[in-house]
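Below, read A as the first sequence line, B as the second, and so on, with proteins coming before strands; counting in each chain starts at 1.
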Number of protein chains: 2
Amino acid sequence: MEQNSRLKAASLTPGTVRPGGRTAKVRAAVLEATQEALVEGGFHGLNMDRVAARAAVGKTTVYRRWGSAAGLVADLLRDMAEQSVPAADTGSLEGDLLANARLVHRTLTDPRMGPVFRAVIAAAACDEECATALHGFYATRVAAWATCVERAADRGEVPAGTDAGEVVRAVSAPLYYRFAVSCEPLGEADAERAAAAAATAARAGTFTGN
Amino acid sequence: MEQNSRLKAASLTPGTVRPGGRTAKVRAAVLEATQEALVEGGFHGLNMDRVAARAAVGKTTVYRRWGSAAGLVADLLRDMAEQSVPAADTGSLEGDLLANARLVHRTLTDPRMGPVFRAVIAAAACDEECATALHGFYATRVAAWATCVERAADRGEVPAGTDAGEVVRAVSAPLYYRFAVSCEPLGEADAERAAAAAATAARAGTFTGN
DNA sequence: CGCCTAATGGAACAGAATTCCCGTTTGAAA
DNA sequence: TTTCAAACGGGAATTCTGTTCCATTAGGCG
């Protein structure tokens with residue numbers, strides 16, 4: 001006698017019930033292949049079939065676990081959000097913000113990371129789940145760098161009540177704007193200007209919470 | 001005498017040799033349908049087939065003249081770039097920048113324009129032609145608003161040699177960053193803060209060309 | 001007003017993406 | 001170690017997207 005009444009447990013997100021060995025290995029291979037594919041062809045060129053082939057995984061598995069190209073990117077983003085990058089501590093607000101600006105600049109102009117970020121932004125503009133994942137990614141990063149601004153507030157470099165996260169965002173914004181919106185080339189000078197502008201505005205109290 | 005050697009002219013971009021009545025009407029209908037489709041389904045949901053149906057145009061025509069979804073968006077962008085929006089002239093740098101920030105904020109939060117801009121950014125991240133078109137669009141807009149900063153320089157509000165375009169970009173950047181990158185909600189306060197920060201940094205000479 | 005051909009539109013066609021089916025592999029609990 | 005079902009893999013079936021063919025419509029010039 002056969003009893004096959006376990007549809008429920010299995011139908012909810014494969015990979016969560018038995019996350020041991022093979023499943024984890026498949027996920028790692030697929031996310032790696034996804035990133036590689038994004039570097040080469042961007043979000044538009046992301047192809048479930050090719051990702052499966054490159055990851056040496058059955059395409060049925062990719063469709064079943066991730067569902068669509070957007071699902072792949074969303075999971076990749078969740079994976080990226082876990083890899084934390086420690087913030088700088090140079091002793092001055094200007095120095096810390098400059099370090100942040102240079103990190104963002106280096107990331108966006110990196111031949112590998114640049115295309116990935118471009119693709120991820122495209123995916124977020126196309127899919128709600130990706131947008132949420134990208135939001136989470138930056139929330140983590142901004143929170144990490146906000147400590148620089150808090151230290152500056154303690155030192156009296158910026159007014160008390162300054163919105164630390166807003167200062168950090170002000171550093172990244174011009175760089176991402178050039179990168180993804182106005183599609184202009186990004187130079188070292190842009191990073192320096194972004195850091196300087198954010199520091200100046202912060203010192204003047206522009207980012208004081210309401 | 002027979003001369004049938006104008007195959008060349010026709011093979012290059014249909015719609016350029018005989019741009020009268022019908023052709024122009026078709027383009028208008030297709031671009032209108034494209035925009036409508038972007039509002040509803042974003043760039044990912046843009047479908048040549050459905051655009052053709054909505055525009056009451058043969059899909060062969062859409063494929064022949066625009067080639068792909070990205071081609072449609074690129075042409076839409078070229079169309080949008082032609083519709084100029086005059087810059088403000090309130091008499092003060094702060095006032096003009098605030099007017100600009102509010103315009104950008106209003107545009108991005110508009111239930112119709114918001115999705116279009118989101119889709120256009122996605123398209124630019126996926127396709128080189130769209131990126132170029134988007135770049136052109138913002139080049140036009142930035143140039144139009146740069147006059148505000150030049151007037152401010154004449155009035156002595158900002159140092160001579162200030163990069164006017166850079167000031168204008170600094171106003172938009174935080175708004176677009178929230179809109180497309182960190183995927184955070186956009187509020188009126190964000191517009192005010194962006195304008196104030198840009199004005200402060202400009203007055204301090206941060207945007208002085210090297 | 002009438003010709004010539006650019007431009008269009010419908011339908012058949014080709015190809016890629018996605019789903020379905022079912023047997024096989026393998027993690028983990030007994 | 002044994003057992004059982006979660007998770008995987010290959011390929012057929014299906015659906016959807018994009019292309020090509022050819023007849024038809026309609027600008028623009030003489």
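Checked against D/dG18, D/dC8, C/dT19, the side chain of A/Thr23 finds its nearest nucleotide in D/dC8. Side-chain atoms of A/Arg64 lie closest to D/dG9 of the nucleotides D/dG9, C/dG9, C/dA17.
Put simply, A/Thr60 has no side-chain N or O that comes within less than 4.0 Å of OP1 or OP2 on D/dC8. For D/dT17, one of the phosphate oxygens OP1 or OP2 lies less than 4.0 angstrom from a side-chain nitrogen or oxygen of B/Arg50. Contact annotation: B/Tyr63 reaches the phosphate of D/dG18 (side-chain N/O to OP1 or OP2, under 4.0 Å). The shortest distance between the side-chain N/O atoms of A/Arg65 and the OP1/OP2 oxygens of D/dC8 is below 4.0 Å. Within the structure, a side-chain polar atom (N or O) of A/Asn47 is placed less than 4.0 Å from OP1 or OP2 of C/dA17.
Looking at heavy atoms from C-beta onward, A/Asp190 lies in side-chain contact with A/Arg193 at the 4.5 angstrom threshold. Annotation: side chain of B/Gln35 is not in contact with side chain of B/Leu38 (no heavy-atom distance under 4.5 Å).
To the nearest angstrom, C1' of C/dA7 lies 15 Å from NZ of B/Lys25. For the pair A/Trp66 CH2 and C/dT18 C1', the computed distance is 17 Å after rounding to whole Å. Taking atom NZ of B/Lys59 as the reference point, atom P of D/dC16 lies 12 Å away to the nearest angstrom. Atom CG of B/Asp49 is separated from atom C1' of C/dA16 by 15 Å (rounded to the nearest Å). Here the P atom of nucleotide D/dC16 and the CE atom of A/Met48 are 17 Å apart, to the nearest Å. Going from atom CZ of B/Arg27 over to atom C1' of C/dA6 covers 18 Å, rounded to whole Å. Going from atom CG of B/Leu46 over to atom P of D/dT17 covers 11 Å, rounded to whole Å.
For A/Arg169 and B/Tyr177, the positive end is not near the middle of the six-membered ring at less than 6.0 Å and at most 45° from its axis. Geometrically, A/Arg118 does not engage A/Phe43 in a cation-pi contact, judged by NZ or CZ lying under 6.0 Å from the ring centre and within 45° of the ring axis.
Residues B/Tyr138 and B/Tyr176 place their aromatic rings such that the two centres sit under 6.0 Å apart.
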